[in-house]
K.L.:
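Would you mind keeping the following structure in view while I ask a few things?
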Amino acid sequence: MSEPVSGELPTDRAASSFPTGQLLSKYGLLGFLVANALVVSVLSPAFLKPENIANVLTQAAPLGIVVLGQTFVLLVGGVDLSVASVMATSAVIATGFAATDNRMVPVIFAAAIGLGLVVGLVNGFLVAKRNVSPFLATLATTIVLQGLRFLYTQGSTGSTLPSAFALMGAGRFIGVPVNLIALVVLAAIFGFVLLVSKYGRKIYLVGNNVRGAILVGLPTDRIIIGCYALCSVIAAIAGLFLVGYVGQVDQWTGKGYELDSIVAAVMGGVAITGGRGNVFGALLGVVVLVVMFNAVILLGLPVQVQLILKGVIVIAASAFYLSGSWERT
Amino acid sequence: MSAVTSDPPRTAARQAIRQMPVSLLVVLGLIVLLLAIGVIASPRFASLNNFRNIFQQSAALGFVSLGQTIVVLTGGIDLSVGAMISLTSNFTSGWIDGDPNMVVPVVVGVIALGAAIGCVNGALSHYLRVHPLIVTLGMAAILQGCTLLYSLAPVGKVTDDFEAFAYGRIFGLSYGGLAMLALFALVGVFLHRTRTGNAIYVVGGDARGARLLGISVAWTMMLAYAMSGACAALTAVYLVSRMGSGDPWRGDGFDLASITPVVVGGTALSGGRGGPLGTLLGVYLISLLNNILNFMDVSTFYQWIVQGLIIITAVAIHVEKGRRA
């Protein structure tokens, strides 16, 4: 990394003496979350009720699932705008079977995963092989997918789903939301892949230094394509959980999740330029986001305040973490 | 060769501008192709009236894409234009509220507001070192929240005269479309002929180099985002004039829609390459495409598919070298 012209980098200051900056950037968001939760629980006793917490987490789980995949793409220096369109399309496919039998659930999952795989491979191909900017590649697949989805449904969506979907989306297992369990399992798998497996280390290497990765002989293209494929597949699965929660399909299931997933990941310390952060930080970002949203409701503030807070927090958090940092060459 | 040393920012910018023609020719070729398809597809397509309509309809996309172009040239992106349009459109009709005396102050006011908010975008991105994607995304959320706090539904009304901006015509050409063309010309001259305009290219091509050349990156960034904000507000004014009132969701979708003509017109998302002329052609290409698909009775669904494919094709043609962000 070359020397920046202006020596006034926040990182320089942080490195100088006691690692306050390091500690802050490691536990700052957690501290913020705890402080936030404390204040809200004092102001509104309803906040800490198990029922409220379970509800909040049920609502947060689909976003959490999407964030797992988005993190992988961000880590290789990309961004995936197509996740929301993938979610909606997978939800539309789910109702497309018009199935009421729970034995159809695996088929629906297979179809959704197939869809995610195709979209992810196209995204990855465009980015890795054709050198298209990830923003544009995934924007284009978003629009194409949107057109295909509307063509398929001709504008009207079905609402028949096997009963298992309601359980998946909003059910409880010994008091714990089912979709939260799914999120935890997936997060464990993704966390393992990222932090323990060899593949994970390769992802960081590609994200930090593509040229270096090529020089040491890594199949960078394949790694990048793999991350996009993983992201779209997981988004397709998240779409199924979300439709289970909402209970009905419209053409825009998951709208806004593309941006919220980026926001949550960046808040959780995943660098938008790649190579820094992990899935657990990103999930912490999701929790902070939903706790804030919940606080706004519990404190009786207008719902619109959620949007304003989201905007302020994402800018503040990424300035603080330098995760949204913009290394200009 | 002495010219090289005399005025480095200008030379660097010239170089960037010189790379344009090939991509412009491609877009022009596509437009000609579309015209041919249009003529074949429908006998009503090639009428003067239809072209006047396309000219009129392209105005909104044109204004907002022009601002986006300036920001993209600095290597940034402005995803707050949609929310900006929603906010300022509601302010425009809400504040005018049928009072002719309010038209001028309100229009000037909302455009200044757009510029001010854009300026904040640029400043935040530069001083906090946060990627413009995140800053403008956050700003979009803030602005949409403010819009909905102001009103959850369309509010206010405009005067009859105000609607002339969208519907008034001179020699059959709409004021809005003409205003858009004039603004493109103005911004084109600004970018290519003034030092400040050239600085935008230089900052986008190489921010560190720009600083060494004595260009204030902070000032250039704030100016670029302010112009984008002002353009978004102008889009809102135009849309209010066309629809008769603002709407808290008026700008929905414009963030991404405004980027399409920019990249189709050959402006690189990595900054420093391209310009308003390409975007103008991009705007006409998209408007023409939608018009033809309407004539062919093709549903919006196909229009989306075609639009997505056009982005992919265009980007594949103007290959972005070595950048992945």
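Throughout, a chain's letter reflects where its sequence line sits, starting with A, and its residues are numbered from 1.
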K.L.:
Heavy atoms only: give me the nearest Val314(A)-Gly138(B) pair and the separation to one decimal.
P.N.:
CG1-CA, 3.7 Å

K.L.:
Of the backbone (N, CA, C, O) and the side chain (C-beta and beyond), which part of Leu148(B) lies under 4.5 Å from a heavy atom of chain A, both, or neither?
P.N.:
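Both backbone and side chain.
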
K.L.:
Decide if atom OH of Tyr302(B) counts as having more than 12 heavy atoms of other residues, nucleotides or ligands within a radius under 6.0 Å.
P.N.:
no

K.L.:
Heavy-atom distances under 4.5 Å only: say whether Leu151(A) touches chain B with side chain, backbone, both or neither.
P.N.:
both

K.L.:
Under a 4.5 Å cut-off applied to non-hydrogen side-chain atoms, are Phe301(B) and Thr153(A) in contact?
P.N.:
no

K.L.:
Does any heavy atom of chain A fall under 4.5 Å from the side chain of Leu137(B), the backbone, both, or neither of them?
P.N.:
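It is the side chain, since no backbone atom gets that close.
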
K.L.:
For Ile313(A), is it the side chain, the backbone, both, or neither that has a heavy atom closer than 4.5 Å to a heavy atom of chain B?
P.N.:
neither

K.L.:
Could you go step by step and tell me if Leu152(B) and Gln304(A) meet the side-chain contact (heavy atoms from CB on, under 4.5 Å) rule?
P.N.:
CA-CA 10 Å; Leu152(B) 286 171; Gln304(A) 297 91 318; 3.6 Å; yes

K.L.:
Closest heavy-atom contact between Pro302(A) and Leu149(B)?
P.N.:
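Smallest heavy-atom distance, with atoms named: CB-CD2, 3.8 Å.
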
K.L.:
What do the steps show when you test Ile311(B) against Leu139(A) for side-chain contact (heavy atoms from CB on, under 4.5 Å), and what is the final call?
P.N.:
CA-CA 8 Å; Ile311(B) 295 178; Leu139(A) 173 61; 4.3 Å; yes

K.L.:
What are the two closest non-hydrogen atoms of Ala141(B) and Lys310(A), and how far apart are they?
P.N.:
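Taking every non-hydrogen atom into account, CB-CE, 4.0 Å.
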
K.L.:
Applying side-chain contact (heavy atoms from CB on, under 4.5 Å), run through Leu79(B) and Phe135(A) and close with a yes or a no.
P.N.:
CA-CA 12 Å; Leu79(B) 292 182; Phe135(A) 189 91; 3.9 Å; yes

K.L.:
Kindly give the heavy-atom pair with the smallest separation between Val130(B) and Ser318(A), and that separation in Å.
P.N.:
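That would be CG1-OG, 3.5 Å.
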
K.L.:
Nearest heavy-atom pair of Ile134(B) and Ile315(A): which atoms, and what distance?
P.N.:
O-CG1, 4.2 Å

K.L.:
Go through the atoms of Ile259(B) and report whether side chain, backbone, both or neither lie under 4.5 Å from a heavy atom of chain A.
P.N.:
side chain

K.L.:
Once the angle between the rings of Phe150(A) and Trp304(B) is folded into 0 to 90°, is it parallel (under 30°), tilted (30 to 60°) or perpendicular (over 60°)?
P.N.:
perpendicular

K.L.:
Could you grab the distance from atom CD1 of Ile143(A) to atom CG of Leu309(B), nearest 0.5 Å is fine?
P.N.:
10.0 Å

K.L.:
Please flag which part of Leu259(A) lies under 4.5 Å from any non-hydrogen atom of chain B: side chain, backbone, both or neither.
P.N.:
both

K.L.:
Side chain, backbone, both or neither: which part of Ile310(B) has an atom under 4.5 Å from a heavy atom of chain A?
P.N.:
neither

K.L.:
Indicate the atoms forming the closest heavy-atom contact of Ser133(A) with Leu269(B), along with that distance.
P.N.:
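Of all heavy-atom pairs spanning Ser133(A) and Leu269(B), the closest is OG-CD1, 3.4 Å.
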
